[in-house]
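Written out below as structure tokens is the structure these notes cover.
Along the sequence shown, residues are numbered consecutively beginning with 1.
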Amino acid sequence: MRPDDVAGAIPCGPDLEPIVEAVSKFWEAGSTDVALVQIGGEHQDAFFDVAEKELLPALRSAAPA
């Protein structure tokens, strides 16, 4: 599998909108929980920082009431 194969199937990268959009599809289908995963040891700290300050607030804002 190539990196482009993965990137075409799931949202990857720093742009939050595709991630929020992808998660929204699960909410629309009735899911109440999702798992967000960062693969790659050298990027874990940066992922946690962005998740805390930007990604999780964006997801909470987009979540159905």
Side-chain angles (χ1 to χ4, degrees):
M1 182 170 282
R2 299 168 295 151
D4 288 343
D5 296 329
V6 173
I10 57 174
C12 299
D15 188 5
L16 301 181
E17 180 131 351
I19 298 169
V20 173
E21 192 174 303
V23 171
S24 293
K25 293 176 186 174
F26 288 96
W27 288 324
E28 291 166 7
S31 296
T32 58
D33 297 290
V34 296
L36 305 172
V37 179
Q38 163 60 41
I39 305 297
E42 70 272 10
H43 301 291
Q44 290 291 31
D45 290 337
F47 170 74
F48 289 135
D49 189 51
V50 170
E52 176 187 11
K53 295 175 182 168
E54 299 176 41
L55 179 57
L56 294 176
L59 289 168
R60 287 183 187 113
S61 292

Which of these passes side chain to side chain contact (heavy atoms under 4.5 Å, CB included) with V50: E54, K53, E52? E54
[X] and [Y]: which non-hydrogen atoms are nearest, and at how many Å?
X   : Y   : answer
L59 : W27 : O-CH2, 3.2 Å
I19 : G13 : CD1-O, 4.0 Å
P57 : A51 : CD-O, 3.8 Å

Greater than 12 external heavy atoms within 6.0 Å of D45's CG: no
Give, for atom CG of L16 and atom CD of E21, the distance between the pair rounded to the nearest 0.5 Å. 12.5 Å
Euclidean distance, F48 CZ relative to L56 CG, rounded to 0.5 Å: 10.5 Å
